[in-house]
2 protein chains.
Amino acid sequence: MTDSGRGRPTMKDVAAEAGVALKTVSRVVNGEAGVAPAMAERVEAVIERLGYRRNESARVLRRGRTASIGLVIEDVADPFYSGLNRAVEDVALRHGSLVLSGSSGEDPRRERELVLTFCARRVDGLIIVPAGSDHSYLRSELDAGIAAVFADRPGGLDVDTVLCDNSGGARAGVAHLVGHGHRRIAFIGDDPSIYTAAERLAGYRRALGEAGLPYDGSLVATGPAAQAGPVLTRMLSGDDPPTAVFAGNGRITVAVLRTGHRPALVGFDDFELADLLVPGVTVVAQDPVRLGATAAELLFRRLAGDRGTPERVELPTRLIPRGSGELPP
Amino acid sequence: MTDSGRGRPTMKDVAAEAGVALKTVSRVVNGEAGVAPAMAERVEAVIERLGYRRNESARVLRRGRTASIGLVIEDVADPFYSGLNRAVEDVALRHGSLVLSGSSGEDPRRERELVLTFCARRVDGLIIVPAGSDHSYLRSELDAGIAAVFADRPGGLDVDTVLCDNSGGARAGVAHLVGHGHRRIAFIGDDPSIYTAAERLAGYRRALGEAGLPYDGSLVATGPAAQAGPVLTRMLSGDDPPTAVFAGNGRITVAVLRTGHRPALVGFDDFELADLLVPGVTVVAQDPVRLGATAAELLFRRLAGDRGTPERVELPTRLIPRGSGELPP
DNA sequence: ATGAAAGCGCTAACAC
DNA sequence: GTGTTAGCGCTTTCAT
């Protein structure tokens with residue numbers, strides 16, 4: 001070995017071993033033109049023999065671009081977000097970029113920490129599913145030239161944003177229940193401090209209004225999915241109970257199913273096996289893959305130099321009738 | 001602004017603006033001892049005002065350690081692997097490390113490419129779910145001081161490895177069916193070129209042997225999950241059809257369920273809602289979170305300097321009876 | 001076609 | 001306590 005001491009061989013080591021200048025090795029490694037084939041071959045042989053691998057940190061330090069992007073989602077283990085993650089990864093791969101991903105756990109402080117960590121690693125851009133609404137901490141990063149895209153929810157900054165049609169989807173879901181004769185429809189959803197939850201609740205109210213049905217606060221419950229079961233049980237044991245339930249997200253839909261009660265049900269978010277339950281679970285489906293892919297494409301367009309005004313894309317949702325939403329009152 | 005030209009402010013900029021030496025800024029940024037409180041405060045104010053953020057690439061270049069690890073799994077969107085991913089992330093967070101993750105898609109070439117990309121970024125260590133069995137390309141990386149752990153399957157190198165008890169789990173699952181009176185038990189699994197699939201098939205054969213049942217090749221089918229449904233239908237329409245099925249992985253279990261046939265069924269891998277189907281689906285459960293956490297802990301032990309001989313950990317599986325495995329012949 | 005020198009932003013080692 | 005210097009491994013610029 002010709003390693004200068006410990007650790008990995010460097011371009012310098014390769015150059016010395018091959019008896020050429022460091023710059024020639026650099027040219028070979030980067031596939032730059034202007035190297036005689038014989039020379040290139042000799043250098044490549046040494047690279048192979050020494051197990052040389054370019055030090056990306058040094059390269060980044062010099063060039064300024066890292067060919068990596070940061071992705072902040074709520075939880076990499078959640079099927080919705082892991083689908084989004086995969087889509088982002090695929091688009092990044094096509095653009096020769098790597099993805100750093102992290103879970104914010106719906107905690108704005110953790111989100112901020114992750115984003116700043118990514119920025120310290122000089123990612124070229126960020127895709128963020130905002131946990132909070134205050135993104136002033138991002139200002140200076142944007143000024144420094146980092147591109148950012150918000151996905152799934154709007155953030156507190158005017159940058160490219162990709163959303164799903166939450167209120168429209170909820171409205172369609174509730175209207176579906178109305179169409180099947182229901183007049184007492186419960187809404188069980190996330191805390192409305194979360195954007196998507198608030199939008200879905202708004203869609204619920206709108207559908208009621210359009211059907212000429214009164215809004216009854218005793219039929220509306222918001223909070224963590226863990227409480228959805230007990231809440232439903234309580235509602236059903238009251239007088240004038242609901243005959244149908246609109247569940248504000250996938251976890252709540254499952255929680256409702258676990259209670260064993262079988263009111264008519266439409267859930268926001270599709271999930272695997274929804275079609276295999278009896279009856280099948282009618283859902284309003286989002287498309288996490290398209291969400292991720294769209295956000296990534298938008299980001300790479302910025303990285304390619306697009307300086308147009310920030311875009312706001314809204315993706316449609318799709319009602320999938322499977323049985324549970326078609327039960328009579 | 002005192003930025004030296006374009007882009008982000010550097011320590012030099014902060015030092016100039018604060019009227020101190022660069023090293024003092026470095027001390028403040030890194031929380032090193034030996035800085036007068038008043039001085040630290042002044043520097044921090046400038047940092048805040050300029051939006052200074054340490055350049056991690058430069059730091060890495062100088063220090064040699066990146067405080068990041070690479071994770072190569074089959075698919076970040078698969079629930080099994082995304083659970084593993086999350087567990088790795090959590091352990092890494094506790095160790096102040098970041099996770100680079102990528103999907104190999106079961107392609108050895110892509111695995112190699114990902115690993116080498118991670119190495120070029122000088123990750124401190126790697127957790128790999130091997131797609132192939134030839135890991136000679138990793139040799140030089142290990143020699144260079146990068147630590148590696150194989151998870152879920154053994155790789156072609158003697159490094160720390162965390163596996164699940166695949167054959168024992170399959171054996172227990174098949175024995176369960178035998179215990180409920182079945183004598184004609186089909187095995188539908190992945191291609192045996194995949195380690196876990198081969199192990200599970202071995203467990204199946206062992207259980208048959210222990211029950212004194214003959215091995216019947218016409219009851220065994222291996223291949224992609226997409227073919228599991230048609231294969232089962234064919235088996236069931238033959239003469240002397242199986243009365244029970246052991247499904248070799250989660251996707252195949254679901255494929256079997258989708259056929260509408262309802263033989264007695266035990267599946268390898270737990271999945272959400274398995275308990276809500278009718279009958280509930282009896283499974284042999286692995287623990288992806290524990291798998292990921294164990295692999296990560298092993299890796300960080302190495303990074304902390306452990307030079308002991310490579311460990312091989314086998315995690316237990318758990319049979320969860322829910323109804324489908326208890327159906328009579 | 002090849003090479004020499006400068007310097008990216010930071011930390012380590014050593015003054016003062 | 002604070003500052004100076006050297007250099008991590010690479011790309012850039014400019015020479016030859």
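Protein chains get the first letters and strands the later ones, always in sequence-line order, with residue 1 at the start of each.
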Original post:
Does the side chain of Tyr195(A) come under 3.5 Å of the side chain of Asp152(A) through a donor N or O and an acceptor N or O?
Top reply: no

**OP:** Output the residues of residues 60-69 of chain B in contact with DNA chain D, where contact means a heavy atom of the residue under 4.0 Å from an atom of the strand; sort by number or write none.
**Re:** Leu61(B), Arg62(B)

Which atom pairs, donor and acceptor, lie under 3.5 Å between side-chain atoms of residues 93-100 of chain A and protein residues at least two apart or in another chain?
unit_1, atom_1, unit_2, atom_2, d
Arg94(A), NH2, Glu297(A), OE2, 3.0
Ser97(A), OG, Ala67(A), O, 3.1
Ser97(A), OG, Ser68(A), N, 3.3

Original post:
Thinking salt bridges, do Arg153(A) and Glu74(A) make one under a 4.0 Å N-O criterion?
Top reply: yes

**OP:** Return the set of residues passing ring pair (Phe, Tyr, Trp, His ring centres under 6.0 Å) with Phe118(A) (not counting sequence neighbours), or none when no residue passes.
**Re:** none

Original post:
When the nearest nucleotide of DNA chain D is assigned to Gly34(B) and to Arg59(A) on a heavy-atom basis, which residue is associated with the more 5' position?
Top reply: Gly34(B)

Subject >> 5'-most by nearest nucleotide on DNA chain D - Asn55(A) or Gly19(B) >> reply: Gly19(B)

Could you check how far [atom1] of [X] sits from [atom2] of [N], rounded to whole Å?
| X | N | atom1 | atom2 | answer |
| --- | --- | --- | --- | --- |
| Arg53(A) | dG9(D) | CZ | C1' | 16 Å |
| Glu41(A) | dA1(C) | CD | P | 17 Å |
| Asp13(A) | dC8(D) | CG | P | 11 Å |

Original post:
Stepwise, does the salt bridge (charged side-chain N to carboxylate O under 4.0 Å, His left out) test hold for Arg139(B) with Glu141(B)?
Top reply: CA-CA 5 Å; Arg139(B) 241 321 23 121; Glu141(B) 309 300 327; over 6 Å; no

Original post:
Does a side-chain heavy-atom distance below 4.5 Å link Leu291(A) with Gln286(A)?
Top reply: no

Subject >> Any side-chain heavy-atom pair of Val72(B) and Val115(B) under 4.5 Å >> reply: yes

Original post:
In residues 22-33 of chain A, which residues come under 4.0 Å of DNA chain C by heavy atom?
Top reply: Lys23(A), Thr24(A), Arg27(A)

**OP:** May I ask you to list the residues of residues 139-148 of chain A, by number, that have any heavy atom positioned under 4.0 Å from an atom of DNA chain C?
**Re:** none

Original post:
To the nearest 10 degrees, what angle separates the axes at the start and end of the helix from dA1(C)-dT16(D) to dC16(C)-dG1(D), five pairs each?
Top reply: 30°

Original post:
Are any side-chain N or O atoms of Thr24(A) and backbone N or O atoms of Val20(A), one a donor and one an acceptor, separated by less than 3.5 Å?
Top reply: no

